[in-house]
**Student:** 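Below is one structure. I have some questions about it.
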Number of protein chains: 4
Amino acid sequence: MARSQTPRRKRANGVESRRRILDAAVEIAGERGYEGTSIAAVSARCGLPASSIYWHFKDKDDLIAAVIETGFETWLAAFELPAEETGTPLERVTAMAAGVAERLVDAPDFLRLGLMLALEQRPAEPRGRTVFLRIRATAAQRIAEMIAALFPALGEDAVRSLTVYAMAGADGLFVQRQIHGGTVDLAAMFELHARLLHDAAARMAQEGDERH
Amino acid sequence: MARSQTPRRKRANGVESRRRILDAAVEIAGERGYEGTSIAAVSARCGLPASSIYWHFKDKDDLIAAVIETGFETWLAAFELPAEETGTPLERVTAMAAGVAERLVDAPDFLRLGLMLALEQRPAEPRGRTVFLRIRATAAQRIAEMIAALFPALGEDAVRSLTVYAMAGADGLFVQRQIHGGTVDLAAMFELHARLLHDAAARMAQEGDERH
Amino acid sequence: MARSQTPRRKRANGVESRRRILDAAVEIAGERGYEGTSIAAVSARCGLPASSIYWHFKDKDDLIAAVIETGFETWLAAFELPAEETGTPLERVTAMAAGVAERLVDAPDFLRLGLMLALEQRPAEPRGRTVFLRIRATAAQRIAEMIAALFPALGEDAVRSLTVYAMAGADGLFVQRQIHGGTVDLAAMFELHARLLHDAAARMAQEGDERH
Amino acid sequence: MARSQTPRRKRANGVESRRRILDAAVEIAGERGYEGTSIAAVSARCGLPASSIYWHFKDKDDLIAAVIETGFETWLAAFELPAEETGTPLERVTAMAAGVAERLVDAPDFLRLGLMLALEQRPAEPRGRTVFLRIRATAAQRIAEMIAALFPALGEDAVRSLTVYAMAGADGLFVQRQIHGGTVDLAAMFELHARLLHDAAARMAQEGDERH
DNA sequence: AATGAATGAGGATTCATTCAT
DNA sequence: AATGAATGAATCCTCATTCAT
């Protein structure tokens, strides 16, 4: 009985701790990249001793990978899929782009980290990089399917090119936002991106048609 | 005569050494980013002891900044400006894009480093980041001027948007290339980028015209 | 049971380790001063790796400050206060001086370090210096009170002068001892110091009296 | 002829350079002690490259020793010896003390350095320390002779004690001045010191007399 | 008389990680 | 579930010194 007087708190709570560590880690890693993220810094920011971090994660690599994973999960969870599959192709491409733009505005930490990892080219690739690239690949797959569905006349190569261009635009606009901050109107830029992609797809579809 | 037989143990040659250090540093920093670049690694790759690196550069920060600076200089030097200012706007935009694409293929180290620095958001900003952003800003200025010249009907905002989009596309395509390697046909993608930019500019110019 | 045979490689014991580090540090710093004290040397003398020192102390500055602090504490603890407040002024001053002389003989490391720190005049003052000066200031206060109590006729200025002279004599004799070693009979010299101080105080008190 | 157009300056001038180096070195060493004085810092303060310092001085030890030597020379040079050997013993002791006090006020760098060296107790004694102690020894000799001359009745031991006490007072007051700055009125304190020394000598001389 | 360049040893400090409790 | 203590390897950088010119 005397025991339960000091209530809850400090009653070791794994889930909570794990979350706190991850929260601290995204912030730091999103600011400073993989190497710039020291366990000591994460420990300082989350208030748990470094050794506790090792109770929850095998090693730094594991921690960063988890950051990417859960970061992506929460990012995805925020998406309310438009579901209704109606409207002109332009409308649908634009709607999609608007969704991405919206998500991009306030979840930059995990994405920034991901991009940094993606740019690195070191011999022993961090697992977080692999995870991030896998996620990107499935995203690209999704985009490719959408393009193919909206413009059935497009050949495989055209779809591939457009997909690459679509991803590139998203990455690039994200980078612009990182660099120039609020100055860049992500919503407007993504609307432009959607429009240009749509026009390009439409033209390519037509050209492809004519050729046959 | 007999004297010059042994090359006399490391004849002091500042310029040469500095170059060797910078060469080693771009490679490493381009692969692993700022934090990932250890002075010891640079020392190992260039053959000079770490303390010698500090003769040529005040600090790691100074070294990285110099890497960005000279990296950009050599990058620019490789550009053969088309000079002849003729052709349709589309031709000219495309030519410009082709030039950039070409440069992007084989000078990725310094650019990758620059992008990584740009993405970082640490409290004490590395000087290299500042330098890189300054360079980018003048590049953006150049692009804006070109767009304004080719499409005089465009308003300020339109030029700004198109410039951001142009830079974003370039960054994004560079990132795609880093991630997917040779799979991405930079020349083709930049041609597409140029075309879309041109079409967008043309349409905006027309819309602006009609409004008045 | 079989288990506890090997003392299990360095059983963690914070308090013990901290003490060992401090012990090693006083010795070295007392011999060579602040800059002359390398963490590596301390590590070597106390047997703990350098990195362990940093578990116990934030920095070298922190370590040296702790050396001064605990050095002074143990030094003070060794004083058996005469308690009995009787005897002629001369007897009491002499008793006090004898006590100090005694302490000065065998606790020179921490004091030598303190004096060296006090003499330094570098822009970024080591924290140990501040601590040492604070301690000295309270010691001086104690001396001033004693003088004022024994010679109530003395004015403020006279007390201040005598206090400065008392401290100066102590410092100076300590220095002589450091330089000339056993040759200097600290006990005798401090007895002389006490006598002269007493005479000066007595005369000043008398002069002050006559003036009114 | 064309040669002498750019006049004097930079016309290598050994004496000048040597002086600049020494000036820089006293300042720095007087602030930070032996170990705290880096050749690089001296080089920065005097404007000559580190390698030039090695042209004028064999090594750091040599430089510091030279600092002590020349520091002492200029210090001594400033003394205008009272020469006239008249007056009561008290007057003469006081005059001497006044002279020392005066010199002590504005030449603290070299003395501070000397004291720091004297306090150090490291295995490999810097040559500067030896030099400083030698100088002190001759100074002590001078004092002893003066005391013996003024109080012929004093025995050897008494002279020795008084000499030690005289030096100790000077050192201690110097230290007080270093610590408390202008607050300490060196002139007044040295006058007190002289008076007390004189009284002690007089009494000792009398006691010695009576004993016989 | 002077100096630019170089260099190995050592400086303080931080790193990721482990382990006994 | 958590943590205080420890640790070897690595970090950046400064040190005193040398040497060819």
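By convention in this document, chain letters (A, B, ...) are assigned in the order of the sequence lines, proteins followed by strands, and residues within each chain are numbered from 1. Heavy atoms only: backbone and side chains are in, while hydrogens, waters and symmetry mates are out.
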**Student:** Given that Glu35(C) and Ile53(B) both sit by DNA chain E, which one's nearest nucleotide is further toward the 5' end?
**Tutor:** Ile53(B)
**Student:** Using whole Å, what does the distance between atom P of nucleotide dA16(E) and atom CZ of Phe57(A) come to?
**Tutor:** 15 Å
**Student:** Just how far, in rounded Å, is P of dA6(F) from CH2 of Trp55(C)?
**Tutor:** 8 Å
**Student:** In whole Å, what is the span from the CD1 atom of Ile39(A) to the P atom of dT3(F)?
**Tutor:** 15 Å
**Student:** Counting only side-chain N and O atoms of Ser52(B), is one of them less than 4.0 Å from OP1 or OP2 of dT7(E)?
**Tutor:** yes
**Student:** Keeping Ser52(B) on the side-chain end and Leu48(B) on the backbone end, is there a donor-acceptor pair under 3.5 Å?
**Tutor:** no
**Student:** For a quick test of reading the model: is some side-chain N or O of Ser38(D) closer than 4.0 Å to OP1 or OP2 of dT14(F)?
**Tutor:** no
**Student:** Starting from P on dT13(E), measure out to CG on Asp62(C) and report it in whole angstrom.
**Tutor:** 10 Å
**Student:** Measure OH/Tyr54(C) against P/dT11(F) and give the value in whole Å, please.
**Tutor:** 17 Å
**Student:** With a 3.5 Å cut-off and heavy atoms only, can you find an N or O donor on one side and an acceptor on the other between the side chain of Ser51(A) and the base of dG4(F)?
**Tutor:** yes
**Student:** Just how far, in rounded Å, is P of dG4(F) from NE2 of His56(C)?
**Tutor:** 13 Å
**Student:** Just call it for Ser43(D): base, sugar-phosphate, or nothing, with non-hydrogen atoms closer than 4.0 Å on any strand.
**Tutor:** nothing
**Student:** For DNA chain E, produce a single dot-bracket line, 5' to 3'. Pairs: Watson-Crick or G-U wobble, both distances under 3.5 Å. Symbols: ( ) within strand, [ ] crossing, | other strand, . unpaired.
**Tutor:** .||||||||||||||||||||
**Student:** Under 3.5 Å, is there a donor on one side chain and an acceptor on the other for Asp61(B) and Tyr34(B)?
**Tutor:** yes
**Student:** Val15(B) or Lys60(C): which one's nearest nucleotide on DNA chain E is closer to the 5' end?
**Tutor:** Val15(B)
**Student:** Between Arg18(B) (CZ) and dA6(E) (P), how many Å, whole number?
**Tutor:** 12 Å
**Student:** Quick one: do Arg45(A) and Glu27(A) make a salt bridge, cutoff under 4.0 Å?
**Tutor:** yes
**Student:** Take Ala50(A) and Asp59(B), find for each the nucleotide of DNA chain F with the closest heavy atom, and name the residue whose nucleotide sits nearer the 5' end.
**Tutor:** Ala50(A)
**Student:** Using only atom types and a distance under 3.5 Å, with no angle test, would you say the side chain of Ser43(B) pairs donor to acceptor with the backbone of Ile39(B)?
**Tutor:** no
**Student:** Given atom NZ of Lys58(B) and atom P of dT14(F), what is their separation to the nearest angstrom?
**Tutor:** 7 Å
**Student:** Between dA1(E) and Ser17(D), is there an OP1 or OP2 to side-chain N/O distance shorter than 4.0 Å?
**Tutor:** no
**Student:** Please answer whether the main-chain N or O of Thr37(C) pairs with a side-chain N or O of Arg32(C) as donor and acceptor at a distance below 3.5 Å.
**Tutor:** no
**Student:** Got a salt bridge between Glu35(B) and Arg122(B), using NZ or NE/NH1/NH2 to carboxylate O under 4.0 Å?
**Tutor:** yes
**Student:** Under a 4.0 Å N-O cut-off, is there an ion pair linking Arg112(D) with Asp109(D)?
**Tutor:** yes
